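Notes follow the structure.
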There are 2 protein chains.
Amino acid sequence: MNDIFKALNDATRREILDLLKEKDLSAGEIADAFNISKPSISHHLDILKRADLITSEKNGQFIIYSINTTIMEDVLQWILTFKQ
Amino acid sequence: MNDIFKALNDATRREILDLLKEKDLSAGEIADAFNISKPSISHHLDILKRADLITSEKNGQFIIYSINTTIMEDVLQWILTFKQ
DNA sequence: TATATATTTAGACAAATATCTAAATACTTT
DNA sequence: AAAGTATTTAGATATTTGTCTAAATATATA
């Protein structure tokens, strides 16, 4: 839970999730969507991956990232405890 | 949205919300629930307040904190965009 | 096999954060 | 008015975080 909230506590990472919500993307395609260096994006991807919010699969020289929506369920459940 | 996720990105603050979910509490009562100094708890309360996740009301020499569940709706909606 | 492309790892650094103690503010009670 | 209680503000400090450049690794292609 800590890892999830930590991962979500960054606008760039939330935008990455928003992108992956639409379709799977390679690390480079994700990096191209931001004005941030590739190593920094790679670091963000690592944090999202450690939180299990995304998964990755190697495809030739590319690494394709996909969103893992099941982990969002945990956050959803926690949030729902506040709805009376 | 940034403020909300920032506020939620701390185990102590999430526990404070869990406490306030049960009932309103004074700053001192909240502080008593943790092994952290009162000034530190006061700082956490300030961050939660800036994120609109809690409200406060002075009652004599006490300050009573309450949870504001309506702001959770924003997070809920964002999370829900990932379902399906 | 040499070169180009895709991505990550390593190391550095500035900014943000969580915590503390000491002091200030505000209210209550004697 | 003085002393006590509740809470916050101020200032310091160690840790974490986001970013960068340079270098390393892995795959593809000529």
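Just so it is clear: chains get the letters A, B, ... in the order the sequence lines come, proteins before strands, and each one is counted from 1. Note that the structure is predicted; figures quoted are calculated from it, not measured.
- Residue B:N9 contributes atom CG, which lies 9 Å from atom P of D:dG18 at whole-angstrom precision.
- Taking NZ from A:K6 and CG from B:D10, the interatomic distance works out to 9.0 Å, rounded to the nearest 0.5 Å.
- Rounded to the nearest 0.5 Å, atoms CG (A:L76) and OG1 (A:T70) are 12.0 Å apart.
- Spacing between atom CG of A:L45 and atom C1' of D:dT17 amounts to 16 Å, rounded to whole angstrom units.
- B:S66 and B:D24 are linked by a side-chain donor-acceptor pair at a separation below 3.5 angstrom, with hydrogens and angles left out of the test.
- Rounded to an integer number of Å, the gap from CD of B:E57 to C1' of D:dT7 is 16 Å.
- Bracketed by its first and final contacts, the part of DNA chain C lying under 4.0 Å from non-hydrogen atoms of chain B reaches from C:dT17 to C:dT28 in 5' to 3' order.
- Within a heavy-atom distance below 4.0 Å of DNA chain C, the residues of residues 22-43 of chain B found are B:I36, B:S37, B:P39, B:S40, B:H43.
- Remark on DNA chain C: of its neighbouring residues A:F62 and A:D46, the 5'-side contact belongs to A:F62, judged by nearest-heavy-atom nucleotide.
- In terms of position on DNA chain D, the residue among B:Y65 and B:Q61 whose nearest nucleotide sits closer to the 5' end is B:Q61.
- A donor atom on one side chain and an acceptor atom on the other are not found under 3.5 Å apart for B:T55 and B:K49.
- For the pair A:K6 and D:dT17, the criterion of a side-chain N or O lying under 4.0 Å from OP1 or OP2 is met.
- Counting to the nearest Å, the P atom of D:dT17 and the NE2 atom of A:H44 are 12 Å from each other.
- Within the model, atoms CD1 of A:I4 and CG of A:D52 stand 8.0 Å from one another, a figure rounded to the nearest 0.5 Å.
- A:F82 pairs with exactly one of B:V75, B:I67, B:I71, B:L20 by the side chain to side chain contact (heavy atoms under 4.5 Å, CB included) rule, that one being B:I67.
- Distance CD1/B:I64 to CD/B:E57: 8.5 Å, rounded to 0.5 Å.
- Qualifying side chain to side chain donor-acceptor pair (under 3.5 Å) partners for B:T12, counting only residues two or more places apart in sequence or in other chains: none.
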